[in-house]
Amino acid sequence: MKKLIKDKTQFLSDMLDGMLEVNKNIELIADSVIVRKDKKQEGVAIVSGGGSGHEPAHAGYVAQGMLDAAVCGEVFTSPTPDKILSAIKAVDNGDGVLLVIKNYAGDVMNFEMAQEMAEMEDIKVASIVVKDDIAVSDEDKQRGVAGTVLVHKYAGYLAEQGVKLDDIKARLDQVLPTIKSIGMAVTAPMVPTTGQYGFDIADDEIEIGVGIHGEKGLSREKMTTVDQIVARLSDELLKQVDANHLIVMVNGMGGTPLSELNIVAKYLAEYLKGKNITVAHWLVGDYMTALDMQGVSLTFVPVNDELSQAIVAETSSSYFNLV
């Protein structure tokens, strides 16, 4: 295994130390919780998190206009309830805390346990679960993937506008079912803590519908040209997205060059124009990765006025980039 690490047991701590060196607007508490230094004095606080390996998610979005705290687990491993509780208590200012949870069993269990613990200490907490991955047919088991970042942005915007906790949750609950994503992989990720690849795949194969931890998707297919891959993914998305005006995210999986993501964007734009679908906002880059997996995910979201305002609203995160 060739990786730019010193010790696999220090992967998380070394990564967080590096983030703290270059971003003076955040600080570390409880060993693995990143919080904003400029804690809100009023308004709802937004907390998310999950296993590491998806950078810049989630700690990269701890910033004005997005998250107030991110709880970082070990690679592809949910953070523990006590760490999540530490994040809740660190950012709560009396107006309540919203937890943004990706739909994985460990994340849901641990975040909900932390919510119960916080409520026992009279902290008002609400939670939402993101399930944007259409590669899983069972809606209850659909995974939270790159669309989660758009939820971070929307939730952060609403909190900055002074919207109350229950109302933020209600508005997000309305939008969540409209966010649809699907990914594909050319190569598997190398997991630095194990020295093993996340899955086996032949040189002439791709995985359609892959998850951000390397989970199996819809099918294993032969490698083909980028325009055909774009059409394959988009055809699946448009089975569930009935709108002609979209927010579109082209998300890298960690090992895909930006040049190739822009090539994807070219052929996706051609595809959508052929369907008479317009794009209100493009996001192209690494937003929710899977270590160094080569591949891409597409996220389609129908536009509404408030969501559009939220997407373009100012944030101090250097990782949330509109094209």
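Everything quoted here is computed from the prediction, not taken from an experiment. All residue numbers refer to positions in the sequence shown, counting from 1. In what follows, every heavy atom counts, from backbone to side chain, and hydrogens, waters and symmetry copies are set aside.
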Decide yes or no on side-chain hydrogen bond (donor to acceptor under 3.5 Å, both in side chains) for His54 and Lys102, but give the supporting numbers first. CA-CA 12 Å; His54 305 302; Lys102 301 191 308 302; 5.4 Å; no

Under the criterion side-chain contact (heavy atoms from CB on, under 4.5 Å), which of Leu20, Asp68, Asn23 is the partner of Ile34? Leu20

Passes side chain to side chain contact (heavy atoms under 4.5 Å, CB included), Leu85 versus Glu121? Steps please. CA-CA 10 Å; Leu85 179 62; Glu121 297 188 32; 4.0 Å; yes

Asn244 side chain reached by Thr278 side chain, heavy atoms, under 4.5 Å: no

Go through it in stages, so that I can follow the logic: the residues are Arg232 and Glu221, the test is salt bridge (charged side-chain N to carboxylate O under 4.0 Å, His left out), and I'd like the CA-CA distance, side-chain angles, deciding distance and then a yes or no. CA-CA 11 Å; Arg232 177 78 172 87; Glu221 302 178 8; 2.7 Å; yes

Taking the side chain from Glu215 and the backbone from His213, do they hold a donor-acceptor pair closer than 3.5 Å? yes

Quick check on Asp203: does its CG atom have over 12 non-hydrogen neighbours (other residues, nucleotides or ligands) under 6.0 Å away? no

For Phe320, the ring-ring contact (aromatic ring centres under 6.0 Å, His included) test, sequence neighbours excluded, returns none

Path from Tyr267 to Leu237 over hydrophobic side-chain contacts below 4.5 Å: yes

Using a strict cut-off of less than 4.0 Å between a Lys/Arg side-chain nitrogen and an Asp/Glu carboxylate oxygen, indicate whether Lys37 and Glu27 qualify as a salt bridge. no

Intermediate values then yes/no, side chain to side chain contact (heavy atoms under 4.5 Å, CB included), Val191 and Phe76: CA-CA 9 Å; Val191 182; Phe76 292 174; 4.2 Å; yes

For atom OH of Tyr271, is the number of surrounding heavy atoms from other residues, nucleotides or ligands below 6.0 Å larger than 12? yes

Same cluster or not: Leu298 versus Ile208, using hydrophobic residues (I, L, V, M, F, W, Y) connected whenever any side-chain heavy atoms lie under 4.5 Å apart? yes

CE of Met15 to CD1 of Ile5: how many Å apart, nearest 0.5 Å? 12.5 Å

Tell me whether Lys169 contacts the main-chain N or O of Ser127 through its side chain, where contact means a donor paired with an acceptor under 3.5 Å. yes

Exam field: side chain Asp166 to backbone Ile168, donor-acceptor pair closer than 3.5 Å: no

Quick one: does Thr315's side chain have a donor or acceptor within less than 3.5 Å of a partner on Ser317's backbone? yes

For Lys216 and Val210, what are the C-alpha separation, side-chain angles and deciding distance, and is it a side chain to side chain contact (heavy atoms under 4.5 Å, CB included)? CA-CA 5 Å; Lys216 286 187 176 182; Val210 71; over 6 Å; no

Can you find a pair of side-chain heavy atoms, one from His245 and one from Pro302, that are under 4.5 Å apart? no

Basic-acidic side-chain contact under 4.0 Å: Arg171, Asp167: yes

Backbone N/O of Gly43 and side chain of Asn93: donor-acceptor pair under 3.5 Å: yes

Whether over 12 other heavy atoms sit under 6.0 Å from Lys24 NZ: yes

Measure the CZ-NZ distance between Phe300 and Lys180 for me, rounded to the nearest 0.5 Å. 13.0 Å

Over 60° means perpendicular and under 30° means parallel, so classify the ring planes of Tyr61 and His152, tilted if in between. tilted

Inter-residue atom distance Asn110.CG - Thr80.OG1, 0.5 Å rounding: 7.0 Å

For atom CD of Gln174, decide whether the heavy atoms of other residues, nucleotides or ligands shown that lie under 6.0 angstrom number more than 12. no

If hydrophobic clusters are built from ILVMFWY residues whose side chains come within less than 4.5 Å, do Leu272 and Ile182 share one? yes

Do Arg36 and Gln64 touch side chain to side chain, with heavy atoms closer than 4.5 Å? yes

ILVMFWY network linking Val264 to Ile134, side-chain heavy atoms under 4.5 angstrom: yes

Heavy-atom donor-acceptor pair, Thr256 side chain to Gln294 backbone, under 3.5 Å: no

If you count every heavy atom of other residues, nucleotides or ligands that lies below 6.0 Å from Asp305 atom CG, does the total exceed 12? no

Counting C-beta onward and ignoring hydrogens, is there a side-chain heavy-atom pair between Leu268 and Val248 closer than 4.5 Å? yes

Are the charged groups of Asp292 and Lys3 less than 4.0 angstrom apart, N to O? yes

Can you check whether Val175's main-chain N or O pairs, donor with acceptor, with Thr178's side chain at less than 3.5 Å? yes

Between Glu306 and Tyr154, is the side-chain hydrogen bond (donor to acceptor under 3.5 Å, both in side chains) condition met? List the steps. CA-CA 9 Å; Glu306 185 172 74; Tyr154 191 22; 2.5 Å; yes

Between CD1 of Ile247 and NZ of Lys153, what distance do you get to the nearest 0.5 Å? 10.5 Å

Heavy-atom neighbours of Asp200 CG exceed 12 at 6.0 Å: no

Stepwise side chain to side chain contact (heavy atoms under 4.5 Å, CB included) check, Asn103 with Ile101: CA-CA 6 Å; Asn103 193 35; Ile101 310 168; over 6 Å; no

Between Lys273 and Glu270, is there a side-chain N and carboxylate O pair less than 4.0 Å apart? no

Spell out, as yes or no, whether a donor-acceptor pair under 3.5 Å connects the side chain of Ser52 to the backbone of Gly73. yes

Which of Val296, Thr299, Ile263 passes side-chain contact (heavy atoms from CB on, under 4.5 Å) with Val250? Answer is Val296

Between Lys124 and Glu119 (salt bridge meaning N to carboxylate O under 4.0 Å), is one present in this structure? no

With a 3.5 Å distance limit and no angle check, can you tell me whether Glu207 reaches the backbone of Gly217 through a side-chain donor-acceptor pair? yes

Nearest heavy-atom neighbours spanning Cys72 and Pro79: C-CB, 4.3 Å

Candidates Asp107, Asp132, Asp138, Asp133 - the one meeting salt bridge (Lys or Arg N to Asp or Glu O under 4.0 Å) with Arg143: Asp133

Contacts of Lys275 that satisfy salt bridge (charged side-chain N to carboxylate O under 4.0 Å, His left out) - sequence neighbours left out: none

Quick check: does any side chain N or O of Asn262 sit under 3.5 Å from a backbone N or O of Leu258, one acting as donor and the other as acceptor? yes

Within the supplied structure, the quantity of interest is the number of heavy atoms (other residues, nucleotides, ligands) at a distance under 6.0 Å from Phe199 CZ; does it exceed 12? yes

Find the distance between OG1 (Thr289) and CG (Asn251) and round it off to the nearest 0.5 Å. 7.5 Å

Evaluate the side-chain proximity of His58 to Met288: yes if any heavy-atom separation is below 4.5 Å, no if none is. yes

Within 6.0 angstrom of Lys39 NZ, more than 12 heavy atoms from elsewhere: yes

Please answer: with hydrophobic residues joined when any side-chain heavy atoms are less than 4.5 Å apart, are Leu158 and Ile311 in the same cluster? yes

Atom pair CD (Gln142) and NZ (Lys131), whose distance is rounded to the nearest 0.5 Å: 8.0 Å

